[in-house]
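Here the structure is a predicted model, which means the values were calculated and not measured. Because only heavy atoms are used, hydrogens play no part in the values below, and waters and symmetry mates are left out as well, while side chains stay in.
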Amino acid sequence: MDSAVPSVGIIMGSQSDWPTMKLAADMLDEMGVSYEKRIVSAHRTPQRLYDYATTAKTRGLQVIIAGAGGAAHLPGMAAAMTPLPVLGVPVKSRALNGLDSLYSIAQMPGGVPVGTLAIGDAGAKNAGIMAASIIALQDEGVAAKLDAFRAQQTASVAEEPVD
């Protein structure tokens, strides 16, 4: 959901990260949370990253979801340059199945937090839900959609296994 003033920024290191990060966008769509999406490489476009992160709050963003694979510096570098909460999604990599990305995102020094999610699709989906949860603290409409989502999820689980 793109709008004039998005609440969440979804950034990723490359186009190849989009199939994973789209799951975060899908969850935000479901919760009615506006977002923007950008390719911002920590290594190949450092000035773009700097400009994005340092202006995020003044542009109205409230949360950043940053997905990255491999060395995965994007979430940490974004967190170092903005006071906003940054949710890091380790994108599954070819070399080490995303474990390298997880370690890179999770190993932030004290004082520069990144909320690190699971590797890959589950992490991206959960990042969208977590961002919506943060937005829901100030937005009753999003809170209601989040409550309905959780109730539906609970109702979808059978009490007994089916033979």
Side-chain angles (χ1 to χ4, degrees), residues 1 5-14 16-18 20-93 95-139 142-143 145-147 149-150:
M1 169 178 289
V5 182
S7 299
V8 177
I10 300 174
I11 57 175
M12 63 215 79
S14 68
S16 64
D17 298 336
W18 178 240
T20 298
M21 299 308 293
K22 185 177 183 321
L23 298 172
D26 291 345
M27 291 310 305
L28 293 171
D29 283 337
E30 189 170 332
M31 302 299 160
V33 175
S34 61
Y35 60 87
E36 64 184 22
K37 53 192 185 294
R38 302 282 185 274
I39 296 172
V40 180
S41 171
H43 302 112
R44 295 179 303 256
T45 64
Q47 187 63 49
R48 187 184 304 168
L49 168 58
Y50 176 83
D51 294 343
Y52 188 89
T54 59
T55 64
K57 185 175 180 181
T58 60
R59 290 184 297 106
L61 294 181
Q62 298 175 50
V63 181
I64 294 174
I65 300 172
H73 291 114
L74 182 61
M77 290 302 297
M81 292 186 274
T82 184
L84 298 176
V86 176
L87 307 177
V89 177
V91 175
K92 205 169 195 179
S93 58
L96 297 172
N97 261 350
L99 197 56
D100 51 341
S101 310
L102 174 66
Y103 287 159
S104 292
I105 297 170
Q107 295 299 312
M108 290 303 297
V112 187
V114 172
T116 308
L117 285 296
I119 296 169
D121 292 356
K125 181 177 180 179
N126 285 340
I129 296 167
M130 187 170 284
S133 297
I134 294 167
I135 301 300
L137 293 171
Q138 304 287 328
D139 186 320
V142 173
K145 288 180 181 179
L146 192 57
D147 288 345
F149 168 81
R150 288 185 170 142

**Asked** For the residue pair Leu74 and Met12, what are the closest heavy atoms and their distance?
**Response** CD2-C, 3.6 Å

**Asked** More than 12 foreign heavy atoms under 6.0 Å from CE of Met27: is that the case here?
**Response** yes

**Asked** Any side-chain donor-acceptor pair under 3.5 Å between Tyr52 and Gln47?
**Response** no

**Prompt:** Among all residues two or more places apart in sequence or in another chain, which pass the side-chain hydrogen bond (donor to acceptor under 3.5 Å, both in side chains) test with Arg48?
**Reply:** none

**Prompt:** How about Tyr35 and Ile65: do any of their side-chain heavy atoms sit closer than 4.5 Å?
**Reply:** no

**Fill in**
Correct closest heavy-atom pair for Pro83 and Lys57 would be CG-CD, 3.7 Å

**Request:** Taking side-chain hydrogen bond (donor to acceptor under 3.5 Å, both in side chains) as the test, write out the residues that go with Ser14, two or more places apart.
**Result:** Ser16

**Message:** On a heavy-atom basis, which atom in Leu49 and which in Val40 lie closest, and how many Å separate them?
**Reply:** CA-CG1, 3.3 Å

**Request:** Output the distance between atom CD (Glu30) and atom CZ (Phe149), rounded to the nearest 0.5 Å.
**Result:** 5.5 Å

**Item:** Taking every non-hydrogen atom, the tightest pair across Leu146 and Ala136
**Value:** CD2-CB, 4.3 Å

**Distance, nearest 0.5 Å, that separates CG of Leu84 from CD of Gln62** = 8.5 Å

**Message:** Rounded at 0.5 Å granularity, tell me how far CG in Leu96 sits from OH in Tyr103.
**Reply:** 9.5 Å

**Prompt:** In chain order, what residues pass the salt bridge (Lys or Arg N to Asp or Glu O under 4.0 Å) check against Lys22, with sequence neighbours excluded?
**Reply:** Asp26

**Prompt:** Minimum heavy-atom separation for Leu28 to Ala132, with atom names?
**Reply:** CD2-N, 4.2 Å

**Message:** Check whether Ser7 reaches the backbone of Val33 with its side chain - one donor and one acceptor, N or O, closer than 3.5 Å.
**Reply:** no

**Prompt:** Counting heavy atoms not belonging to Tyr50, are there more than 12 under 6.0 Å from its OH?
**Reply:** no

**Request:** First locate atom CG of Asp139, then atom OG of Ser34, and finally report the distance between them rounded to the nearest 0.5 Å.
**Result:** 9.0 Å

**Fill in**
Contacts of Asp100 meeting side-chain hydrogen bond (donor to acceptor under 3.5 Å, both in side chains) (sequence neighbours excluded), chain-then-number -> Ser93

**Inter- and intrachain pairs under side-chain hydrogen bond (donor to acceptor under 3.5 Å, both in side chains), touching residues 71-81, at least two apart** = His43-His73

**Asked** If you measure from CG on Leu23 to CD1 on Ile129, what distance do you get to the nearest 0.5 Å?
**Response** 10.5 Å

**Request:** Indicate yes or no: at least one non-hydrogen side-chain atom of Ile10 is less than 4.5 angstrom from one of Glu36.
**Result:** no

**Message:** Are the side chains of Ile39 and Ile11 in contact, using a 4.5 Å heavy-atom criterion?
**Reply:** no

**Request:** Compare every heavy atom of Ser133 with every heavy atom of Arg150, then report the nearest pair and how far apart it is.
**Result:** NH2-OG, 3.3 Å

**Asked** Got a second to check how far Met81's CE is from Thr54's OG1, nearest 0.5 Å?
**Response** 7.5 Å

Would you tabulate the side-chain donor-acceptor contacts of residues 113-123 under 3.5 Å, counting partners in other chains and residues two or more places apart, or write 'none'?
residue	atom	partner	partner atom	Å
Thr116	OG1	Val114	O	3.3

**Message:** Please determine whether side-chain contact (heavy atoms from CB on, under 4.5 Å) holds for the pair Ile64 and Thr82, giving the CA-CA distance in whole Å, both sets of side-chain angles, and the decisive distance to 0.1 Å.
**Reply:** CA-CA 9 Å; Ile64 294 174; Thr82 184; 4.1 Å; yes

